[in-house]
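First comes the structure, then the notes that go with it.
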Amino acid sequence: GTVYLGGIAGCIAAAGGQISYSHFSGSLASSGRSLETVNENNAVTAGINYVGGITGLVGGTVENCYTAASQSVSAEYETAYVQTTFLGGIAGSVKSDGILADSHNNASVSFSSPKPTTSATAYVGGVAGALGGANNNTKAVSMNGCENNGSVQSKSDYHNVNLGGVVAHAVKVAVVDNCHNRVNGTVRATKHTNGLEYIYMGGVIGRSLTSNISNLSNAAAVEIENLVSTRGALNIGGCVGMLDSSIEGNNTILNSGNITAKGECSATSYIAQGGVVGTMFVADGKLSYVKNTGWVTDEISIIHKHVFSGGVVGLVRNTATIDNVTNEGRIHFANSSVQMHENVALGGVVGGISALSDNNFAVTVSNSTNSGEVSRIASTAGIQKSAMVCGGIVGILKGAGSSVENCTNSGLVKMEGQNSTRLDAENDPITTNANGGSCHTAGGIVGFARGASGTPVTISGCTNTGECY
């Protein structure tokens with residue numbers, strides 16, 4: 001079954017419907033129990049839950065609405081019979097032709113669930129869970145002039161979690177303009193019991209399929225702690241967790257919040273953290289004129305796969321162009337007893353480019369600057385197998401024809417506690433000491449670079465004035 005729950009209205013289904021100049025000052029909670037249904041075989045089946053501080057679902061217009069501080073909007077399940085959850089401080093979801101404008105959430109938004117019996121997805125946002133629902137709708141949907149001032153939290157073992165300070169998921173035709181996550185809007189995720197599969201987590205947008213985004217900012221902390229991906233990846237960004245689109249032109253995208261990973265965080269594929277974008281994934285993606293001043297910090301004690309941390313982008317997984325972007329925040333990895341099994345790459349602008357084993361995509365980083373410190377301070381004690389890479393602009397630069405052009409680094413690049421570097425048959429870093437050990441590379445512009453046979457990577461027109469050791 002389907003449930004719509006809202007502080008003012010359960011849902012506004014039609015395009016002509018409207019809620020305006022309304023506020024909710026109570027607390028709203030969904031247990032999901034009303035969604036437990038039994039089929040003809042006496043088996044319990046899952047449902048869909050729309051929960052919002054003002055309304056569960058918007059098909060018309062919601063404008064000039066707000067929720068009160070010191071209140072909460074939540075969906076907390078003791079048993080996981082909800083297949084899809086849309087949860088937002090103002091609206092659970094905004095569907096085709098829907099408009100959400102000039103509305104502010106001040107309440108805390110929280111989601112909690114154990115692992116469901118079937119594949120399940122949650123969309124949890126400070127203002128809205130999703131723009132356009134879960135599907136890539138062809139009709140326009142928009143959010144403008146909205147902001148979040150309340151904490152947004154997930155404690156879930158769902159298969160897929162989309163988590164955003166303003167909105168968790170935006171479809172390709174969505175328009176997001178002049179939306180902000182303020183300093184009190186901390187975005188935080190941890191596991192419920194065993195862990196989830198994928199998370200798309202951003203200070204403003206969790207996962208964006210739209211290029212129609214402008215004038216966005218995040219000032220709040222974005223944090224993961226003891227978060228485990230049992231069969232996937234963790235994508236965390238100061239503004240956007242996963243960018244499946246482009247951000248072009250002078251769109252005023254700014255992050256000043258700190259991004260932090262701590263505790264026993266692990267993923268079977270990778271952890272990607274970026275000051276602006278966690279992971280760029282779409283083919284021929286473009287990113288330009290964005291800025292980060294927040295710190296990106298790893299304090300992780302257990303890592304089972306790769307970690308990529310960048311001042312602007314954590315990981316680029318497809319063909320892309322990154323131009324005229326700026327980082328001023330510190331990129332830092334610190335732990336004295338970390339256990340790692342693959343690469344850890346830190347970059348002042350990008351952590352890793354085509355850095356996974358199945359990636360061989362050409363990416364260009366140009367006309368970009370870093371003034372933030374890129375540093376690793378960790379003892380080799382307890383490290384089983386790892387390669388630590390630090391670069392003033394890019395940590396790991398791979399992919400046929402990838403390049404770094406006309407970029408400038410003035411930040412300190414520092415590594416402490418390192419062993420010597422050794423390369424394998426494919427010129428990739430491998431371990432060196434008898435216990436599995438660790439190996440390390442660092443560079444003022446690029447930490448480690450390797451192209452494909454006949455198509456090398458290039459570094460040209462770059463300047464480093466920062467100290468490197």
Side-chain angles (χ1 to χ4, degrees), residues 1-15 17-19 22-24 26-35 46-63 65-67 71-77 81-101 103-113 120-135 137 141-143 146 148 150-154 156 158 160-171 174 176 179 187 200 205-207:
T2 302
V3 167
Y4 305 93
L5 181 63
I8 300 296
C11 71
I12 303 295
Q18 183 173 352
I19 302 175
S22 300
H23 73 276
F24 176 63
S27 292
L28 190 70
S30 171
S31 68
R33 290 191 177 276
S34 58
L35 290 164
I48 302 174
N49 203 9
Y50 295 87
V51 182
I54 298 298
T55 182
L57 179 66
V58 179
T61 300
V62 172
E63 60 182 358
C65 294
Y66 70 90
T67 54
Q71 303 297 329
S72 63
V73 179
S74 65
E76 299 182 351
Y77 312 144
Y81 292 122
V82 182
Q83 185 172 10
T84 309
T85 297
F86 297 93
L87 173 66
I90 298 294
S93 182
V94 184
K95 69 175 190 177
S96 292
D97 293 324
I99 298 171
L100 183 54
S103 296
H104 297 181
N105 173 60
N106 301 296
S108 63
V109 178
S110 62
F111 174 67
S112 176
S113 176
T121 302
Y123 304 89
V124 183
V127 175
L131 291 179
N135 300 315
N137 297 347
V141 56
S142 68
M143 173 187 287
C146 295
N148 176 57
S151 63
V152 183
Q153 300 186 56
S154 170
S156 172
Y158 259 39
N160 298 288
V161 174
N162 299 260
L163 189 66
V166 175
V167 59
H169 184 272
V171 298
V176 186
C179 292
V187 184
Y200 310 98
I205 305 173
R207 185 173 188 177

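For clarity, every value in this text was computed on a predicted model and none was experimentally measured.
- Within the 4.5 Å cutoff, side-chain heavy atoms of Ser110 are placed close to those of Glu76.
- Between the CG atom of Leu131 and the OG atom of Ser96 there is a distance of 11.0 Å, given to the nearest 0.5 Å.
- Shown here for Ala107 and Val73, the closest heavy-atom pair between the two residues is CB-CG2, 4.3 Å.
- In this structure, the side chain of Thr67 engages the main chain of Asn106 through a donor-acceptor pair within 3.5 Å.
- Proximity of a side-chain donor or acceptor of Asn162 to a complementary backbone N or O of Gly206 within less than 3.5 Å is not detected.
- You'll find the side chain of Val124 stays beyond 4.5 Å of the side chain of Ser154, heavy atoms only.
- Proximity of Val51 to Thr85: side-chain heavy atoms (C-beta onward) are nowhere separated by under 4.5 Å.
- Contact record, Gly88 with Val109: C-CG2, 4.5 Å, taken as the closest heavy-atom pair.
- Counting heavy atoms from C-beta outward, His169 and Thr121 have side chains that stay 4.5 Å or more apart.
- Cys65 places a side-chain heavy atom less than 4.5 Å from the side chain of Ile19.
- At most 12 non-hydrogen atoms from other residues, nucleotides or ligands lie less than 6.0 angstrom from OH of Tyr66.
- Remark: Phe86 CZ to Lys95 NZ distance equals 12.0 Å, nearest 0.5 Å.
- Ser74 OG to Leu28 CG: the interatomic distance, rounded to the nearest 0.5 Å, is 7.0 Å.
- A distance of 13.0 Å separates OH of Tyr50 from CG of Leu87, quoted to the nearest 0.5 Å.
- With respect to Tyr158, the ring pair (Phe, Tyr, Trp, His ring centres under 6.0 Å) criterion is satisfied by exactly one of Tyr123, Tyr200, Phe111: Phe111.
- Ser93 has its side chain within reach of Leu57: a pair of non-hydrogen atoms, C-beta onward, lies under 4.5 Å apart.
- With contacts defined as side-chain heavy-atom distances shorter than 4.5 Å, the pair Leu100/Cys146 qualifies.
- Partner of Thr55 under the side chain to side chain contact (heavy atoms under 4.5 Å, CB included) criterion, chosen from Ile8, Leu5, Val62, Val94: Val62.
- Of all heavy-atom pairs between Gly10 and Tyr4, the closest is O-CB, 3.3 Å.
- Between Val152 and Gly165, the shortest heavy-atom distance links the atoms CG2-O, 4.2 Å.
- In plain terms, the two heavy atoms of Met143 and Val166 that are nearest each other are SD-CG1, 3.5 Å.
- The CG atom of Asn105 lies 5.0 Å from the CD1 atom of Ile90; values are rounded to the nearest 0.5 Å.
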